[in-house]
Amino acid sequence: MGIFNRIRRDIGIDLGTANTCVYIAGQGVVLSEPSVVAFDRDSKKLLAVGEEARQMLGRTPGNITASRPLRDGVIADFDATELMLQHFIRKVVGKSLLAPRMVIGIPSGVTGVERRAVMEAAVQAGAKEVFLVEEPIAAAIGAGLPISEPVGSMIVDIGGGTTEVAIISLQGSVISESVRVAGDEMNEAIATYLKKLHNLVIGERTAEMIKIQIGSAFPYKGDDEQKLEVRGLHMLSGLPRTISIHATEVRESMSEPLSAIVEAVKRTLEQAPPELAADIYDRGIVLAGGGALLKGLDGLISHETGIAVHVAEEPLNCVVLGTGKILETNTLNRVFSGTFSGS
């Protein structure tokens, strides 16, 4: 049965800046929704959570607030996070007589205060016990890397708010770095570029759409022919306008956050003990998280480091799959970075 009693419907959670994923022991990934909540400002009533709330971003009237309660991988709005967790847990578990135990992935660079905030939010949402695991370790487990063996495995987990870089061996991080530069910063860079060069103001969702459709981190054949029609508000006229943007422009706009990610990878490699560095050179680097889906990112990191780079099979679900494997095995109990047991 593993280290947890599955009758309790124990839960693994990737509490991400952009998306929250939930795993139930014995069932697999049962939920993946945006980490967004919508409130009525006057009554403080919760109106929507997840995908329904995401559709409201940038489109709400004055009395409704749609926001993301997590920023840079940590809780920015405790009450909203608690309500969001409660909603998702009720959605996947329903009414249960036994409070679930939870394994939650957290960024490796969070403070003690931020760790306690995550544990308290989970307890308030109905958890009996909370176990925290650092996201790069969970992502490595979810990607199928042999983290229990005495060999070096390198994972780069690029989420919405943070990029986690770690070299792992024997169930622990030998070297790790967490930088608060990831998908959100790429979106902001695209929006800033359009504002400066084209006098066009766009929202967060439009910037993300541009990144997904024609964004890239490294030149590829035919990229100068890729272009996209983008609608936004023209700053000079104050009226809606449509412009055409090329893939090369999008790549140029994201150069700063991409450079920060590459530098974090290089710094981690530079600190690696020689034996682990040799393992990584032989085995390569694995990319996980939503950012791993950016076209050419594997090519950019490989070009800058001279090491082969592979994208995990299910990059978006690596962290939550890792929490699920922890739930279902009794050989990974050394990976926890924090625990809480309620009464």
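For the single chain, residues carry numbers from 1 onward in sequence order. Heavy atoms only: backbone and side chains are in, while hydrogens, waters and symmetry mates are out.
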Compare every heavy atom of Tyr220 with every heavy atom of Ile214, then report the nearest pair and how far apart it is.
O-OH, 4.5 Å
Heavy-atom side-chain proximity of Val250 to Ile190 below 4.5 angstrom
yes
Below 4.0 angstrom, N of the basic side chain to O of the carboxylate: do Asp184 and Arg68 qualify?
yes
Given side chains that start at C-beta, do those of Leu233 and Leu200 come closer than 4.5 Å, heavy atoms only?
no
Among residues two or more places apart or on two chains, list those pairs meeting salt bridge (Lys or Arg N to Asp or Glu O under 4.0 Å) that have a residue in residues 275-298.
none
Could you tell me whether Arg54 and Glu51 have a side-chain N and a carboxylate O separated by less than 4.0 Å?
yes
Looking at side-chain heavy atoms only, is the closest gap between Thr60 and Thr65 below 4.5 Å?
no
Can you sort out the partners of Arg71 under side chain to side chain donor-acceptor pair (under 3.5 Å), two or more places apart, ordered by chain and number?
none
Would you say Leu276 and Val174 make side-chain contact, with heavy atoms under 4.5 Å?
yes
In the hydrophobic clustering (ILVMFWY, side-chain contacts below 4.5 Å, transitive), which residues join Leu57, or is it alone?
Val36
N-O pairing of Glu33 and Lys91 below 4.0 Å
yes
Got Met235 and Val201 here, is their nearest side-chain heavy-atom distance under 4.5 Å?
yes
Is the shortest side-chain heavy-atom distance between Thr305 and Val265 below 4.5 Å?
yes
